[in-house]
Amino acid sequence: MAPVNIILLGPPGVGKSTQATLLGKRYPLITLSTGNILRAEVAAETPLGLQAKAAMESGRLVGDDLIIALVRSRLEQLPRDHGFLLDGFPRTAAQAAALDEMLRELHRPLTVVVQPILEHDEVVRRMSSRRECRSCNAPHTVRPEQPLTRCPSCGGELFQRLDDTPEVILKRLAVYEEQTSPLAAYYQKASLLAPVDGHGAPQEVAMRMISTIELQRLQRRTEPAKQVRTINA
Ligand code: ADP
Ligand code: ZN
């Protein structure tokens, strides 16, 4: 069967990168997390990182051109026997349109856009208790009664992201509502959108996502996704 090509669409804190890791174990795919890629560029003080830093720290989006070029170069290098999973891209109408064009050129049609659903309060709670591993990038949740200091997977040091402070969290959610949430309607029109309940343990959510992906995959074999060329946000 053809490789699966997935977008994870949802606000910060909904569990996209946790699910990306789990889906990566189930399917032969390369995960492109634009947030992780940008954070690595910032840490290495590359020209791209220097351009992205201020926007990231204040919770705004990095420029479309920059991020589109970054995703394009990664997708071009993708092995033919692998699919992809996009975590954190596209985030604007312009990014979604550019992605459509790229995927047409590269003959890599989207299989499904998986949209984990959680209420606002739960998203804020998860983000506030989130820590990330410096070595393997894995996200972990700290509980007040037993604070974690080391990564349970690799023993690496855990830290709180600079943009996970209460003020920046609210800013990022507002940016999501305004610029990214309209993409759900866009992918809905293309019959690609699959909302999935985001509550419960990571494995449980992953199982829901896998059933959804398998269903879409079967449907894709019989009727290809509709082409949508305009975004009516
Ligand atoms: P979140 O937890 O907010 O989903 P990410 O790790 O995906 O965080 O992204 C962190 C920051 O990196 C964003 O707030 C934004 O500044 C920048 N960024 C990541 N992906 C994109 C994108 N596709 N377009 C613009 N900016 C992006
Ligand atoms: Zn780790």
Side-chain angles (χ1 to χ4, degrees), residues 7-21 31-43 46 48-75 84-100 102 113-116 118 120 122-142 148-183 186 198:
I7 294 176
L8 282 183
L9 180 68
V14 80
K16 298 190 299 295
S17 68
T18 301
Q19 292 306 319
T21 308
T31 294
L32 293 180
S33 159
T34 45
N36 285 348
I37 297 170
L38 290 173
R39 276 187 290 280
E41 299 277 337
V42 171
T46 64
L48 172 64
L50 293 175
Q51 269 182 281
K53 192 171 193 265
M56 291 178 73
E57 284 177 0
S58 63
R60 285 174 291 120
L61 295 183
V62 172
D64 281 335
D65 292 350
L66 205 139
I67 209 89
I68 289 167
L70 183 145
V71 171
R72 174 183 289 277
S73 75
R74 306 275 168 142
L75 285 178
F84 59 80
L85 186 153
L86 298 175
D87 162 21
F89 182 93
R91 258 179 157 89
T92 64
Q95 292 178 17
L99 178 66
D100 274 357
M102 262 181 245
V113 177
V114 178
Q115 183 189 31
L118 275 184
H120 182 271
E122 176 65 13
V123 160
V124 174
R125 198 163 14 191
R126 286 190 184 188
M127 268 201 280
S128 315
S129 53
R130 175 160 79 175
R131 300 292 181 276
E132 203 168 288
C133 174
R134 253 188 233 295
S135 314
C136 74
N137 282 332
H140 299 288
T141 307
V142 292
L148 283 181
T149 50
R150 291 276 154 193
C151 170
S153 337
C154 80
E157 188 196 348
L158 295 181
F159 70 103
Q160 181 167 35
R161 277 167 44 177
L162 282 175
D163 60 354
D164 274 350
T165 59
E167 192 183 307
V168 183
I169 286 174
L170 293 181
K171 172 70 183 165
R172 282 155 65 212
L173 287 172
V175 167
Y176 179 84
E177 271 318 308
E178 190 188 315
Q179 308 210 48
T180 311
S181 66
L183 299 184
Y186 176 69

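Whatever order the structure lists them in is the order used to number ligands and atoms, beginning at 1. Values in this document were obtained by computation on a predicted structure and should not be read as measured data.
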- Message: Tell me whether Arg161 has any N or O atom under 3.5 angstrom from an N or O of ligand 1.
- Response: yes
- Item | N/O separation below 3.5 Å, Thr34 to ligand 1 | yes
- Task: Check Arg172 against ligand 1 and report side chain, backbone, both or neither, counting heavy atoms closer than 4.0 Å.
- Result: side chain
- Message: Glu132: which residues meet the salt bridge (Lys or Arg N to Asp or Glu O under 4.0 Å) condition with it, sequence neighbours left out?
- Response: Arg39, Arg161
- Note on the structure: Residues Ile67 and Gln95: closest non-hydrogen pair is CG2-NE2, 3.2 Å
Kindly list each side-chain donor-acceptor pair under 3.5 angstrom involving residues 148-159, sequence neighbours excluded, with atom names and distances?
residue: Arg150; atom: NH1; partner: Gly155; partner atom: O; Å: 3.2
residue: Glu157; atom: OE1; partner: Arg134; partner atom: NE; Å: 3.3

- Which bit of Leu61 is near ligand 1, meaning a heavy atom under 4.0 Å away: side chain, backbone, both or neither? both
- Any N or O of Phe89 closer than 3.5 Å to N or O of ligand 1: no
- Message: Polar contacts were defined as any N/O atom of the residue lying under 3.5 Å from an N/O atom of the ligand; does this apply to Asn36 and ligand 1?
- Response: no
- Item | Close approach, Met127 and ligand 1, non-hydrogen under 4.0 angstrom | no
- Task: Please identify which atoms of ligand 1 are closer than 4.0 Å to at least one heavy atom of Gln95.
- Result: 22 (C), 23 (N), 24 (N), 25 (C)
- Query: Listing residue and atom name, which protein N/O/S atoms are closer to the Zn ion (ligand 2) than 2.8 Å?
  - Reply: Cys133 SG, Cys136 SG, Cys151 SG, Cys154 SG
- Message: Below 3.5 Å, N or O to N or O, backbone or side chain included: is there any such pair between Gly59 and ligand 1?
- Response: no
Solution key, residues 174-181 side-chain donor-acceptor pairs under 3.5 Å, sequence neighbours excluded:
residue: Thr180; atom: OG1; partner: Arg91; partner atom: O; Å: 2.7
residue: Ser181; atom: OG; partner: Glu177; partner atom: O; Å: 2.5

